[in-house]
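Just so you know, residue 1 is the first one in the sequence shown, and it goes up from there. Remember, it's a predicted structure, so these values are computed and weren't measured experimentally. Hydrogens, waters and symmetry mates play no part in the numbers below; they use all other heavy atoms, side chains included.
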Amino acid sequence: MHDANDTNTPPAPAPAPSLFTWEFASDPYPAYAWLREHAPVHRTALPSGVEAWLVTRYADARQALADQRLSKNPVHHSESAHGKGKVGIPGERSANLMTHLLNIDPPDHTRLRRLVSKAFTPRRVAEFAPRVQELTDRLIDGFADRGEADLIHEFAFPLPIYAICDMLGVPPEDQDDFRDWAGMMIRHGGGPRGGVARSVKKMRTYLAELIHRKRGALRDRGDEDLISGLIRASDHGEHLTENEAAAMAFILLFAGFETTVNLIGNGTHALLRHPEQRERLQRALAEGDETLLATGVEELLRYDGPVELATWRFATRDLTIGGQRIAEGDPVLVVLAAADRDPERFADPDTLDLSRRDNQHLGYGHGIHYCLGAPLARLEGQAALATLLRRLPDLRLNAEPEDLRWRGGLIMRGLRTLPVAFTPESRPEGPAESRPGSPSEGRSESSPGSRPDPRPQAPAHGIPGTSPGPCRPANHPKSGPA
């Protein structure tokens, strides 16, 4: 005999989660798990008001990233979806910086990528490794004797800025300006109104002037920096316009630095939250074995990677993804963070395992738009994490985990701050000003908050304080790799 209230009706599924809220930004993975199960290709309104399809399953994501029917060019964005001006990087259209790799399709994409890919060959990246290690050590020198630091502001943010500036050929005396502009651009709505667009315009003006100066100073022999290489290619019949050269330099700086900021920040955060995994890595490094470092960085890219959603794609015709019809002109956003925790592809996807071998993650995309700077980002990530763990072995989080805040924005995923504590490194005896990397080096008396300048050849002046600003819900999606 059964109670009259008994029923065989299965329980109703959990309600659809809220997306793009403060709570979602702190931990989006439960919401992505719900979408993968119940609405793997899901149409939603973004904070900007634009409606787009979110693709969350690994198989569908991999297909979409390589589907030539999905264009990167915003010209294919249907006007009914609120026009073309609300996608991409604020200010790039008015600054005439649209013709970069994230906004174009073949054959122009093929031509431009071929030109710039020469700077990111394994040989060229390996040659850059000593400079990356030098920057890494100099930045750690700036706070190692204090016993505490904000690893985003003092380490993860400046390291890739100075590295990519060096690779592009930005003179040392101008690199602080780039740090200012970059700091504004990753605030994701947290700075003054219109600040991102103004920073983009300033960067565009500077790049045009730099290209003009470098063109006049080119020597007959090959130049080392990337901007000079782009100019030389243009002058030798590759048909690279000045606008294309400026846009290329802009996107390499913009997309190339923030992915590494977030790789270092998110990766360090994950290791601090998983002490057993951090201790495994420290033991391996102490034994001189860097195998776990290489697989570990790949796992950190999968587990909580720097790019949450791949950049914009637009359907050039009606098509179907994951059984869902996508209309011509509709925007499509592949959710890399969701795909990389798909249990249909990864065993125990919510577990951090630095020794994971079967790890074909999508952290840097897939297909012809695979992140060009991934080798450099991996080099910087490995150098940063290994050096932190070796020099500051008892590194620990200096805040309650629930008090950490993630930056607003749609494409990237990164922390605003990462306060840490550790046993201070002892300083050698002697005048502070004579010690490389000492806190007094590179400081301005009028700027008590400035930090050591990690560039050995740079003038001794303070680095402007350009930490990422307050996090606010994004009112625009921004660009990045993939």
Side-chain angles (χ1 to χ4, degrees), residues 128-167 170 172-173 175-176 178-180 182-183 257 260-261 263-265 267-269 271-272 278 281-282 285-286 290 293 376 379-398 417-445 447-468:
F128 203 58
R131 176 58 174 155
V132 170
Q133 187 61 55
E134 179 186 22
L135 288 167
T136 301
D137 279 315
R138 292 293 293 263
L139 286 166
I140 294 176
D141 286 346
F143 56 79
D145 64 343
R146 292 209 318 263
E148 62 180 13
D150 171 11
L151 283 188
I152 301 299
H153 188 97
E154 299 180 70
F155 184 61
F157 179 69
L159 173 59
I161 280 287
Y162 294 132
I164 197 66
C165 279
D166 281 354
M167 181 168 278
V170 177
E173 62 270 18
Q175 292 184 11
D176 287 342
F178 271 81
R179 179 170 172 162
D180 275 336
F257 90 87
T260 309
V261 174
L263 168 58
I264 297 170
T268 304
H269 175 252
L271 291 175
L272 295 179
R278 185 193 68 186
L281 181 53
Q282 285 178 305
L285 292 171
E290 296 199 350
L293 177 63
L376 178 60
L379 168 67
E380 293 171 336
Q382 289 184 23
L385 293 173
T387 308
L388 280 174
L389 294 178
R390 283 174 174 139
R391 291 187 57 177
L392 310 175
D394 64 344
L395 190 72
R396 57 195 179 275
L397 191 62
N398 199 23
T417 61
L418 184 57
V420 295
F422 46 86
T423 299
E425 280 188 348
S426 59
R427 289 285 187 185
E429 296 297 327
E433 59 271 15
S434 68
R435 299 196 302 264
S438 69
S440 62
E441 183 182 1
R443 287 185 186 265
S444 166
E445 293 298 327
S447 180
S450 55
R451 288 164 301 287
D453 187 336
R455 301 161 304 166
Q457 296 83 23
H461 56 79
I463 296 176
T466 55
S467 65

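- Summarising the geometry of P160 relative to T260, their closest heavy-atom pair is CB-CB, 3.7 Å, with the distance given to 0.1 Å.
- Taking CG of L389 as the start and OG1 of T268 as the end, the distance is 7.5 Å to the nearest 0.5 Å.
- Between A156 and G265 the shortest heavy-atom distance is CB-N, 4.2 Å.
- Under the 3.5 Å distance criterion, the side-chain polar atoms of Q282 are matched with a main-chain donor or acceptor of P393.
- R390 and E290 are joined by a salt bridge, as a carboxylate oxygen and a charged side-chain nitrogen come within less than 4.0 angstrom of each other.
- A144 and L392 get closest at one heavy-atom pair: CB-CD2, 4.4 Å.
- Pairing each heavy atom of L139 with each of P158, the nearest pair is CD2-CG, 3.8 Å.
- Rounded to the nearest 0.5 Å, atoms CG (D166) and CD (E134) are 9.0 Å apart.
- Remark: F155 CZ to F143 CZ distance equals 6.0 Å, nearest 0.5 Å.
- From I264, atom CD1 reaches atom OG1 of T136 across 7.0 Å, with rounding to the nearest 0.5 Å.
- Side-chain atoms of Q175 come within 3.5 Å of backbone atoms of V170 as a donor-acceptor pair (strictly under, hydrogens ignored).
- With rounding to the nearest 0.5 Å, the separation of CD1 in I164 from CG in L376 is 5.5 Å.
- Between V420 and N398 the shortest heavy-atom distance is C-CB, 3.5 Å.
- Taken from CZ in F257 to CZ in F157, the straight-line distance is 5.5 Å, to the nearest 0.5 Å.
- Looking only at atom types and distance, the side chain of D150 has no donor-acceptor partner in the side chain of T417 under 3.5 Å away.
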Pair L397-L418, side chain to side chain contact (heavy atoms under 4.5 Å, CB included): steps then yes or no: CA-CA 8 Å; L397 191 62; L418 184 57; 3.6 Å; yes

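- The two residues R391 and D141 make their nearest non-hydrogen contact at NH2-OD1, 2.8 Å.
- In this structure a side-chain-to-backbone donor-acceptor pair under 3.5 Å is present from R396 to D394.
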Evaluation steps, salt bridge (Lys or Arg N to Asp or Glu O under 4.0 Å), between R146 and E154: CA-CA 12 Å; R146 292 209 318 263; E154 299 180 70; 2.9 Å; yes

